[in-house]
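One structure below.
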There are 2 protein chains.
Amino acid sequence: MEPTGNRRGQETRTALLGAAAELVVEVGWGAVSTRSVAERAGVRPGLVHYHFGSVRRLLTEASAAALEEMVEALTGELEASDDLAHGLTRLVDSIVALEPTHPLHLLVTETYLAASRDPEVAGALRGVVRRMRERLAGWLAERGVPDAHAAEVAAFVAATLDGFALHRVLDADVPAPPLARLVGTWTGTEEEGS
Amino acid sequence: MEPTGNRRGQETRTALLGAAAELVVEVGWGAVSTRSVAERAGVRPGLVHYHFGSVRRLLTEASAAALEEMVEALTGELEASDDLAHGLTRLVDSIVALEPTHPLHLLVTETYLAASRDPEVAGALRGVVRRMRERLAGWLAERGVPDAHAAEVAAFVAATLDGFALHRVLDADVPAPPLARLVGTWTGTEEEGS
DNA sequence: CCACATCTTGGTCGATCGCCCAAAGTCTCT
DNA sequence: AGAGACTTTGGGCGATCGACCAAGATGTGG
(Lines give C-alpha, C1' and ligand atoms only; values in the text may rest on other atoms or scores of the structure.)
Protein backbone atom coordinates (compact mmCIF):
# COMPACT_ATOMS: atom_id res chain seq x y z
CA MET A 1 0.00 0.00 0.00
CA GLU A 2 2.54 2.59 1.10
CA PRO A 3 5.45 3.65 -1.07
CA THR A 4 8.05 1.99 1.14
CA GLY A 5 11.15 1.17 -0.72
CA ASN A 6 12.33 -1.72 1.40
CA ARG A 7 11.56 -5.30 0.50
CA ARG A 8 12.24 -6.68 3.97
CA GLY A 9 9.37 -4.83 5.56
CA GLN A 10 6.89 -6.26 3.09
CA GLU A 11 8.00 -9.78 3.86
CA THR A 12 7.49 -9.17 7.56
CA ARG A 13 4.05 -7.76 6.88
CA THR A 14 2.88 -10.73 4.86
CA ALA A 15 4.38 -13.16 7.37
CA LEU A 16 2.43 -11.48 10.15
CA LEU A 17 -0.77 -11.46 8.10
CA GLY A 18 -0.48 -15.16 7.39
CA ALA A 19 0.30 -16.02 10.99
CA ALA A 20 -2.63 -13.94 12.19
CA ALA A 21 -5.09 -15.71 9.88
CA GLU A 22 -3.81 -19.08 11.06
CA LEU A 23 -4.12 -18.20 14.72
CA VAL A 24 -7.61 -16.77 14.42
CA VAL A 25 -8.71 -20.16 13.13
CA GLU A 26 -6.81 -22.10 15.77
CA VAL A 27 -7.49 -20.18 18.97
CA GLY A 28 -10.20 -17.67 18.12
CA TRP A 29 -10.16 -13.97 17.33
CA GLY A 30 -10.06 -12.80 20.93
CA ALA A 31 -7.23 -15.11 21.93
CA VAL A 32 -4.67 -14.00 19.35
CA SER A 33 -1.97 -12.03 21.16
CA THR A 34 0.84 -9.80 20.04
CA ARG A 35 3.47 -12.26 21.15
CA SER A 36 1.86 -15.42 19.82
CA VAL A 37 1.37 -14.04 16.34
CA ALA A 38 4.91 -12.71 16.27
CA GLU A 39 6.33 -16.06 17.31
CA ARG A 40 4.28 -17.85 14.64
CA ALA A 41 5.53 -15.43 12.02
CA GLY A 42 9.11 -15.77 13.20
CA VAL A 43 9.60 -12.12 14.02
CA ARG A 44 9.96 -10.02 17.15
CA PRO A 45 6.83 -8.88 19.00
CA GLY A 46 7.61 -5.20 18.61
CA LEU A 47 7.10 -5.44 14.86
CA VAL A 48 3.39 -6.07 15.23
CA HIS A 49 2.78 -2.58 16.49
CA TYR A 50 5.34 -1.05 14.19
CA HIS A 51 3.64 -2.38 11.07
CA PHE A 52 0.00 -2.45 12.10
CA GLY A 53 -0.36 -0.14 15.06
CA SER A 54 -2.54 -2.55 17.00
CA VAL A 55 -3.46 -6.22 17.14
CA ARG A 56 -7.03 -5.39 16.16
CA ARG A 57 -5.92 -3.79 12.92
CA LEU A 58 -3.64 -6.71 12.11
CA LEU A 59 -6.47 -9.19 12.57
CA THR A 60 -8.84 -7.07 10.53
CA GLU A 61 -6.46 -6.79 7.62
CA ALA A 62 -5.44 -10.46 7.81
CA SER A 63 -9.02 -11.74 7.81
CA ALA A 64 -10.07 -9.53 4.93
CA ALA A 65 -7.11 -10.67 2.84
CA ALA A 66 -7.63 -14.37 3.58
CA LEU A 67 -11.34 -14.14 2.84
CA GLU A 68 -10.74 -12.29 -0.40
CA GLU A 69 -8.41 -15.10 -1.41
CA MET A 70 -10.97 -17.74 -0.51
CA VAL A 71 -13.74 -16.00 -2.43
CA GLU A 72 -11.44 -15.84 -5.40
CA ALA A 73 -10.81 -19.58 -5.23
CA LEU A 74 -14.47 -20.49 -4.79
CA THR A 75 -15.86 -18.29 -7.53
CA GLY A 76 -13.00 -19.32 -9.77
CA GLU A 77 -14.03 -22.93 -9.40
CA LEU A 78 -17.63 -21.97 -9.93
CA GLU A 79 -17.01 -20.06 -13.12
CA ALA A 80 -15.24 -23.05 -14.58
CA SER A 81 -18.60 -24.82 -14.69
CA ASP A 82 -21.03 -24.03 -17.48
CA ASP A 83 -23.92 -26.02 -16.17
CA LEU A 84 -25.83 -24.48 -13.28
CA ALA A 85 -26.59 -27.66 -11.38
CA HIS A 86 -23.10 -28.98 -11.86
CA GLY A 87 -21.48 -25.76 -10.65
CA LEU A 88 -23.57 -25.56 -7.49
CA THR A 89 -22.87 -29.18 -6.65
CA ARG A 90 -19.16 -28.62 -7.08
CA LEU A 91 -19.41 -25.60 -4.81
CA VAL A 92 -20.84 -27.70 -2.00
CA ASP A 93 -18.33 -30.47 -2.66
CA SER A 94 -15.42 -28.07 -2.49
CA ILE A 95 -16.51 -27.01 0.98
CA VAL A 96 -16.71 -30.62 2.11
CA ALA A 97 -13.31 -31.35 0.63
CA LEU A 98 -11.71 -28.17 1.94
CA GLU A 99 -12.52 -28.69 5.54
CA PRO A 100 -10.34 -31.39 7.03
CA THR A 101 -7.11 -29.89 5.80
CA HIS A 102 -7.89 -26.21 6.02
CA PRO A 103 -10.97 -25.15 7.98
CA LEU A 104 -11.23 -21.77 6.34
CA HIS A 105 -14.90 -21.37 7.16
CA LEU A 106 -13.92 -21.05 10.81
CA LEU A 107 -12.14 -17.90 9.75
CA VAL A 108 -15.26 -16.74 7.94
CA THR A 109 -17.36 -17.26 11.03
CA GLU A 110 -14.83 -15.67 13.36
CA THR A 111 -14.75 -12.64 11.11
CA TYR A 112 -18.55 -12.42 11.05
CA LEU A 113 -18.61 -12.37 14.83
CA ALA A 114 -15.81 -9.84 15.06
CA ALA A 115 -17.71 -7.71 12.55
CA SER A 116 -20.74 -7.69 14.80
CA ARG A 117 -18.64 -5.92 17.45
CA ASP A 118 -16.13 -3.88 15.46
CA PRO A 119 -17.35 -1.50 12.75
CA GLU A 120 -13.93 -1.51 11.12
CA VAL A 121 -14.09 -5.28 10.63
CA ALA A 122 -17.66 -4.97 9.45
CA GLY A 123 -16.64 -2.54 6.75
CA ALA A 124 -13.85 -4.75 5.48
CA LEU A 125 -16.00 -7.88 5.50
CA ARG A 126 -18.99 -6.18 3.91
CA GLY A 127 -16.95 -5.42 0.84
CA VAL A 128 -15.77 -8.99 0.46
CA VAL A 129 -19.24 -10.46 0.87
CA ARG A 130 -20.76 -7.97 -1.52
CA ARG A 131 -18.25 -8.85 -4.22
CA MET A 132 -18.87 -12.54 -3.63
CA ARG A 133 -22.63 -12.12 -3.96
CA GLU A 134 -22.32 -9.98 -7.06
CA ARG A 135 -20.12 -12.48 -8.86
CA LEU A 136 -22.40 -15.30 -7.79
CA ALA A 137 -25.47 -13.40 -8.98
CA GLY A 138 -23.80 -12.67 -12.30
CA TRP A 139 -22.91 -16.31 -12.78
CA LEU A 140 -26.45 -17.37 -11.94
CA ALA A 141 -27.99 -14.83 -14.29
CA GLU A 142 -25.84 -16.04 -17.18
CA ARG A 143 -27.05 -19.57 -16.55
CA GLY A 144 -30.80 -19.23 -16.64
CA VAL A 145 -31.78 -17.77 -13.28
CA PRO A 146 -34.14 -14.82 -13.89
CA ASP A 147 -32.43 -11.49 -13.29
CA ALA A 148 -35.06 -10.42 -10.79
CA HIS A 149 -34.20 -13.40 -8.59
CA ALA A 150 -30.46 -13.67 -9.11
CA ALA A 151 -29.52 -11.48 -6.14
CA GLU A 152 -31.96 -13.28 -3.86
CA VAL A 153 -30.71 -16.68 -4.92
CA ALA A 154 -27.09 -15.60 -4.49
CA ALA A 155 -27.78 -14.44 -0.94
CA PHE A 156 -29.53 -17.71 -0.21
CA VAL A 157 -26.70 -19.80 -1.61
CA ALA A 158 -24.05 -17.87 0.32
CA ALA A 159 -25.97 -18.10 3.59
CA THR A 160 -26.74 -21.78 3.12
CA LEU A 161 -23.10 -22.59 2.42
CA ASP A 162 -21.99 -20.79 5.56
CA GLY A 163 -24.65 -22.47 7.65
CA PHE A 164 -23.73 -25.87 6.23
CA ALA A 165 -20.05 -25.30 6.92
CA LEU A 166 -20.89 -24.17 10.45
CA HIS A 167 -22.91 -27.26 11.26
CA ARG A 168 -20.26 -29.50 9.78
CA VAL A 169 -17.84 -28.26 12.41
CA LEU A 170 -19.94 -30.00 15.03
CA ASP A 171 -21.19 -32.94 13.06
CA ALA A 172 -19.27 -34.20 10.06
CA ASP A 173 -22.23 -36.33 8.99
CA VAL A 174 -24.61 -33.46 8.34
CA PRO A 175 -26.20 -34.14 4.94
CA ALA A 176 -25.18 -31.66 2.27
CA PRO A 177 -27.91 -29.34 1.02
CA PRO A 178 -29.06 -30.26 -2.52
CA LEU A 179 -28.37 -26.76 -3.76
CA ALA A 180 -28.93 -27.51 -7.41
CA ARG A 181 -32.42 -28.86 -6.81
CA LEU A 182 -33.27 -26.05 -4.39
CA VAL A 183 -32.20 -23.29 -6.74
CA GLY A 184 -34.46 -24.86 -9.33
CA THR A 185 -37.29 -23.66 -7.13
CA TRP A 186 -36.65 -20.13 -8.27
CA THR A 187 -36.22 -20.82 -11.95
CA GLY A 188 -39.39 -22.86 -12.20
CA THR A 189 -42.62 -22.04 -10.42
CA GLU A 190 -43.37 -18.57 -9.17
CA GLU A 191 -46.60 -18.19 -7.27
CA GLU A 192 -46.00 -15.50 -4.70
CA GLY A 193 -48.57 -12.90 -3.69
CA SER A 194 -46.54 -10.13 -2.05
CA MET B 1 -28.44 -30.40 40.39
CA GLU B 2 -26.55 -31.16 43.57
CA PRO B 3 -28.38 -31.68 46.86
CA THR B 4 -27.14 -28.42 48.33
CA GLY B 5 -29.44 -27.22 51.00
CA ASN B 6 -28.78 -23.54 50.68
CA ARG B 7 -30.92 -21.33 48.50
CA ARG B 8 -28.40 -18.51 48.29
CA GLY B 9 -25.84 -20.55 46.42
CA GLN B 10 -28.32 -21.47 43.71
CA GLU B 11 -29.18 -17.83 43.17
CA THR B 12 -25.52 -17.00 42.76
CA ARG B 13 -25.11 -19.83 40.29
CA THR B 14 -27.99 -18.77 38.08
CA ALA B 15 -26.89 -15.13 38.26
CA LEU B 16 -23.44 -16.13 37.05
CA LEU B 17 -24.86 -18.32 34.29
CA GLY B 18 -27.04 -15.49 33.01
CA ALA B 19 -24.24 -12.96 33.14
CA ALA B 20 -21.91 -15.35 31.31
CA ALA B 21 -24.39 -15.91 28.47
CA GLU B 22 -24.85 -12.14 28.12
CA LEU B 23 -21.16 -11.42 28.01
CA VAL B 24 -20.36 -14.15 25.48
CA VAL B 25 -22.77 -12.40 23.11
CA GLU B 26 -21.43 -8.94 23.85
CA VAL B 27 -17.67 -9.40 23.87
CA GLY B 28 -17.06 -12.90 22.54
CA TRP B 29 -16.25 -16.21 24.18
CA GLY B 30 -12.54 -15.58 24.57
CA ALA B 31 -12.96 -12.14 26.09
CA VAL B 32 -15.18 -13.08 29.03
CA SER B 33 -13.12 -12.79 32.18
CA THR B 34 -13.61 -13.92 35.76
CA ARG B 35 -13.97 -10.39 37.01
CA SER B 36 -16.24 -9.06 34.29
CA VAL B 37 -18.75 -11.86 34.64
CA ALA B 38 -18.73 -11.52 38.42
CA GLU B 39 -19.36 -7.79 38.20
CA ARG B 40 -22.21 -8.31 35.74
CA ALA B 41 -23.78 -10.87 38.05
CA GLY B 42 -23.34 -8.63 41.06
CA VAL B 43 -21.17 -11.04 43.00
CA ARG B 44 -17.52 -11.25 44.03
CA PRO B 45 -14.95 -12.65 41.60
CA GLY B 46 -13.94 -15.48 43.88
CA LEU B 47 -17.36 -17.09 43.53
CA VAL B 48 -16.76 -17.93 39.90
CA HIS B 49 -14.11 -20.47 40.77
CA TYR B 50 -15.95 -21.65 43.85
CA HIS B 51 -19.09 -22.58 41.94
CA PHE B 52 -17.68 -23.57 38.56
CA GLY B 53 -14.01 -24.33 39.06
CA SER B 54 -12.95 -22.43 35.95
CA VAL B 55 -14.16 -19.80 33.55
CA ARG B 56 -14.26 -22.37 30.76
CA ARG B 57 -16.69 -24.56 32.63
CA LEU B 58 -18.91 -21.61 33.48
CA LEU B 59 -19.12 -20.58 29.85
CA THR B 60 -19.80 -24.13 28.72
CA GLU B 61 -22.63 -24.60 31.16
CA ALA B 62 -24.08 -21.16 30.51
CA SER B 63 -24.13 -21.58 26.74
CA ALA B 64 -25.69 -25.01 26.89
CA ALA B 65 -28.43 -23.76 29.20
CA ALA B 66 -29.19 -20.67 27.11
CA LEU B 67 -29.26 -22.69 23.90
CA GLU B 68 -31.53 -25.28 25.41
CA GLU B 69 -33.90 -22.48 26.37
CA MET B 70 -33.80 -21.01 22.89
CA VAL B 71 -34.47 -24.36 21.24
CA GLU B 72 -37.41 -24.80 23.56
CA ALA B 73 -38.85 -21.44 22.55
CA LEU B 74 -38.34 -21.99 18.82
CA THR B 75 -39.75 -25.50 18.64
CA GLY B 76 -42.57 -24.46 20.93
CA GLU B 77 -43.57 -21.75 18.49
CA LEU B 78 -43.18 -24.19 15.64
CA GLU B 79 -45.38 -26.85 17.17
CA ALA B 80 -48.15 -24.31 17.62
CA SER B 81 -48.53 -24.28 13.83
CA ASP B 82 -50.41 -27.08 12.14
CA ASP B 83 -49.66 -26.07 8.59
CA LEU B 84 -46.17 -26.89 7.34
CA ALA B 85 -45.62 -23.81 5.21
CA HIS B 86 -47.06 -21.52 7.84
CA GLY B 87 -44.88 -22.97 10.58
CA LEU B 88 -41.66 -22.64 8.60
CA THR B 89 -42.46 -19.07 7.67
CA ARG B 90 -43.09 -18.22 11.29
CA LEU B 91 -39.78 -19.81 12.19
CA VAL B 92 -37.91 -17.50 9.85
CA ASP B 93 -39.95 -14.53 11.02
CA SER B 94 -39.19 -15.25 14.64
CA ILE B 95 -35.48 -15.07 13.91
CA VAL B 96 -35.89 -11.75 12.14
CA ALA B 97 -37.98 -10.41 15.02
CA LEU B 98 -35.74 -11.80 17.71
CA GLU B 99 -32.58 -10.21 16.55
CA PRO B 100 -32.59 -6.49 17.36
CA THR B 101 -33.49 -6.98 20.99
CA HIS B 102 -31.71 -10.19 21.76
CA PRO B 103 -29.15 -11.48 19.26
CA LEU B 104 -29.20 -15.02 20.56
CA HIS B 105 -27.83 -16.49 17.38
CA LEU B 106 -24.53 -14.79 18.17
CA LEU B 107 -24.43 -17.05 21.19
CA VAL B 108 -25.19 -20.03 18.98
CA THR B 109 -22.33 -19.16 16.68
CA GLU B 110 -19.91 -18.43 19.50
CA THR B 111 -20.72 -21.80 20.98
CA TYR B 112 -20.19 -23.53 17.65
CA LEU B 113 -16.74 -22.03 17.40
CA ALA B 114 -15.89 -22.84 20.99
CA ALA B 115 -17.05 -26.39 20.34
CA SER B 116 -14.59 -26.70 17.47
CA ARG B 117 -11.76 -26.13 19.98
CA ASP B 118 -13.06 -27.60 23.22
CA PRO B 119 -14.39 -31.18 23.30
CA GLU B 120 -16.33 -30.46 26.47
CA VAL B 121 -18.27 -27.69 24.74
CA ALA B 122 -18.73 -29.90 21.71
CA GLY B 123 -20.33 -32.58 23.83
CA ALA B 124 -22.76 -30.19 25.48
CA LEU B 125 -23.70 -28.53 22.20
CA ARG B 126 -24.07 -31.78 20.32
CA GLY B 127 -26.83 -32.88 22.65
CA VAL B 128 -28.77 -29.65 22.22
CA VAL B 129 -28.51 -29.69 18.43
CA ARG B 130 -29.48 -33.32 18.24
CA ARG B 131 -32.61 -32.73 20.28
CA MET B 132 -33.49 -29.73 18.12
CA ARG B 133 -33.12 -31.71 14.93
CA GLU B 134 -35.11 -34.64 16.26
CA ARG B 135 -38.02 -32.48 17.31
CA LEU B 136 -37.92 -30.66 14.01
CA ALA B 137 -37.82 -33.94 12.10
CA GLY B 138 -40.76 -35.25 14.09
CA TRP B 139 -42.76 -32.14 13.40
CA LEU B 140 -41.98 -32.35 9.71
CA ALA B 141 -42.89 -36.03 9.50
CA GLU B 142 -46.27 -35.39 11.09
CA ARG B 143 -46.98 -32.74 8.50
CA GLY B 144 -46.44 -34.54 5.25
CA VAL B 145 -42.69 -34.74 4.78
CA PRO B 146 -41.76 -38.33 3.92
CA ASP B 147 -40.10 -40.10 6.81
CA ALA B 148 -37.08 -40.98 4.76
CA HIS B 149 -36.37 -37.30 4.15
CA ALA B 150 -37.42 -35.78 7.46
CA ALA B 151 -33.97 -35.92 9.05
CA GLU B 152 -32.30 -34.52 5.95
CA VAL B 153 -34.80 -31.69 5.72
CA ALA B 154 -34.44 -30.91 9.41
CA ALA B 155 -30.68 -30.64 9.08
CA PHE B 156 -31.10 -28.39 6.07
CA VAL B 157 -33.59 -26.13 7.84
CA ALA B 158 -31.41 -25.82 10.94
CA ALA B 159 -28.28 -25.03 8.92
CA THR B 160 -30.11 -22.54 6.70
CA LEU B 161 -31.55 -20.72 9.68
CA ASP B 162 -28.12 -20.41 11.28
CA GLY B 163 -26.57 -19.24 8.03
CA PHE B 164 -29.33 -16.72 7.51
CA ALA B 165 -28.97 -15.39 11.05
CA LEU B 166 -25.22 -15.16 10.57
CA HIS B 167 -25.46 -13.14 7.38
CA ARG B 168 -28.06 -10.86 8.93
CA VAL B 169 -25.50 -9.77 11.47
CA LEU B 170 -23.56 -8.14 8.70
CA ASP B 171 -26.35 -7.05 6.42
CA ALA B 172 -29.84 -6.52 7.81
CA ASP B 173 -31.29 -6.45 4.29
CA VAL B 174 -30.39 -10.02 3.39
CA PRO B 175 -33.53 -11.52 1.87
CA ALA B 176 -35.09 -14.25 4.00
CA PRO B 177 -34.91 -17.76 2.57
CA PRO B 178 -38.35 -18.95 1.35
CA LEU B 179 -38.14 -22.05 3.51
CA ALA B 180 -41.69 -23.21 2.90
CA ARG B 181 -41.23 -23.24 -0.85
CA LEU B 182 -37.79 -24.85 -0.58
CA VAL B 183 -38.93 -27.65 1.67
CA GLY B 184 -41.63 -28.37 -0.86
CA THR B 185 -38.80 -29.56 -3.08
CA TRP B 186 -38.48 -32.65 -0.94
CA THR B 187 -42.15 -33.49 -0.62
CA GLY B 188 -42.79 -33.14 -4.32
CA THR B 189 -40.44 -34.38 -7.02
CA GLU B 190 -37.74 -36.91 -6.34
CA GLU B 191 -35.41 -37.66 -9.19
CA GLU B 192 -32.08 -38.54 -7.64
CA GLY B 193 -29.78 -41.25 -8.87
CA SER B 194 -27.62 -42.00 -5.83
C1' DC C 1 -27.00 -23.31 71.89
C1' DC C 2 -23.53 -25.33 69.59
C1' DA C 3 -21.22 -27.99 66.05
C1' DC C 4 -21.16 -28.28 61.06
C1' DA C 5 -21.52 -27.84 56.11
C1' DT C 6 -22.11 -24.32 52.89
C1' DC C 7 -21.27 -20.01 51.03
C1' DT C 8 -18.82 -15.56 50.76
C1' DT C 9 -15.13 -12.32 51.40
C1' DG C 10 -10.96 -9.96 50.23
C1' DG C 11 -6.70 -10.37 48.95
C1' DT C 12 -2.41 -12.39 46.64
C1' DC C 13 0.25 -15.11 43.27
C1' DG C 14 2.85 -15.47 38.91
C1' DA C 15 1.87 -15.04 34.08
C1' DT C 16 0.46 -12.58 30.30
C1' DC C 17 -1.56 -8.80 28.11
C1' DG C 18 -1.31 -4.40 24.62
C1' DC C 19 1.43 -0.85 23.76
C1' DC C 20 5.48 2.06 23.69
C1' DC C 21 10.30 3.64 22.80
C1' DA C 22 15.27 4.57 22.50
C1' DA C 23 19.05 2.59 20.33
C1' DA C 24 21.00 -0.14 16.78
C1' DG C 25 20.89 -2.15 12.32
C1' DT C 26 20.07 -2.03 7.25
C1' DC C 27 19.17 -0.30 3.14
C1' DT C 28 19.16 3.45 -0.92
C1' DC C 29 20.19 7.35 -2.49
C1' DT C 30 23.51 11.42 -3.77
C1' DA D 1 31.64 7.97 2.08
C1' DG D 2 27.95 10.25 4.28
C1' DA D 3 22.95 11.47 4.83
C1' DG D 4 18.51 10.05 5.63
C1' DA D 5 14.63 6.91 5.49
C1' DC D 6 13.07 2.59 6.86
C1' DT D 7 13.20 -1.53 9.76
C1' DT D 8 14.45 -4.24 13.72
C1' DT D 9 15.87 -5.03 18.41
C1' DG D 10 15.16 -5.78 23.27
C1' DG D 11 13.47 -4.22 27.18
C1' DG D 12 10.00 -2.09 30.09
C1' DC D 13 5.44 0.14 31.39
C1' DG D 14 0.98 -0.42 33.95
C1' DA D 15 -3.07 -3.23 33.61
C1' DT D 16 -5.42 -7.40 33.62
C1' DC D 17 -5.65 -12.21 33.55
C1' DG D 18 -7.04 -17.17 35.82
C1' DA D 19 -6.55 -19.40 39.79
C1' DC D 20 -6.07 -20.05 44.59
C1' DC D 21 -6.81 -19.73 49.68
C1' DA D 22 -7.38 -18.63 54.65
C1' DA D 23 -10.62 -16.44 57.39
C1' DG D 24 -15.25 -14.73 58.22
C1' DA D 25 -20.28 -14.98 57.52
C1' DT D 26 -24.53 -17.60 57.10
C1' DG D 27 -27.86 -20.80 57.85
C1' DT D 28 -29.17 -25.71 59.40
C1' DG D 29 -29.79 -29.95 62.17
C1' DG D 30 -28.80 -32.04 66.55
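All values below were derived from every heavy atom in this structure, side-chain atoms included, with hydrogens, water molecules and symmetry-related copies excluded.
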- prompt: Are Glu79(B) and Arg143(B) within salt-bridge range, i.e. N to O under 4.0 Å?
  reply: no

task: Return the value, rounded to whole Å, for the distance between atom CG of Leu47(A) and atom C1' of dC20(C).
output: 13 Å

task: Specify the separation, in whole Å, of atom OH of Tyr50(A) and atom C1' of dA24(C).
output: 14 Å

Side-chain N or O of Thr34(A) closer than 4.0 Å to phosphate OP1/OP2 of dC17(C): no

query: Is it true that Arg117(B) and Glu110(A) have a side-chain N and a carboxylate O under 4.0 angstrom from each other?
result: yes

- prompt: Can you check the Arg57(B) CZ to dA19(D) C1' distance for me, whole Å?
  reply: 12 Å

- prompt: How many Å lie between CD on Gln10(B) and P on dA5(C), as a whole number?
  reply: 19 Å

query: Between His51(A) and dC6(D), is there a side-chain N or O to OP1/OP2 distance below 4.0 Å?
result: no

query: Nearest-Å distance, CZ (Arg56(A)) to P (dC19(C))?
result: 9 Å

- prompt: Toward the 5' end of DNA chain C, which comes first, Gly53(A) or Ala31(A), by nearest nucleotide?
  reply: Ala31(A)

message: So if I take every side-chain heavy atom of Arg35(B) and compare against dC19(C), dC17(D), dC6(D), which nucleotide ends up nearest?
response: dC17(D)

query: So, the side chain of Thr160(B) versus the backbone of Phe156(B): is there a donor-acceptor pair under 3.5 Å, distance only?
result: yes

query: When we call it a touch if two heavy atoms are under 4.0 Å apart, what does Val32(A) touch: a base, just sugar-phosphate, or nothing?
result: sugar-phosphate

task: Between dG18(C), dC6(D), dA19(D), spot the one nearest the side chain of Ser54(B), thanks.
output: dA19(D)

query: Could you give the CD-to-C1' distance, from Glu39(A) to dC17(C), as a whole number of Å?
result: 15 Å

- prompt: Within a reach of under 6.0 Å around CD of Glu77(B), are more than 12 heavy atoms found that belong to other residues, nucleotides or ligands?
  reply: yes

message: On the nucleotide dT8(D), are OP1 or OP2 found under 4.0 Å from the side-chain N or O atoms that Thr12(A) carries?
response: yes

- prompt: For Leu23(A) and dG18(C), what is the distance between atoms CG and P respectively, to the nearest whole Å?
  reply: 12 Å

message: What is the separation between atom CG on Leu59(A) and atom P on dG18(C), rounded to the nearest whole Å?
response: 9 Å

message: OP1 or OP2 of dC19(C) versus the side-chain N and O atoms of His49(A): is any pair under 4.0 Å?
response: yes

- prompt: Does atom CD of Glu11(A) have more than 12 heavy-atom neighbours, drawn from other residues, nucleotides or ligands, at distances under 6.0 Å?
  reply: yes

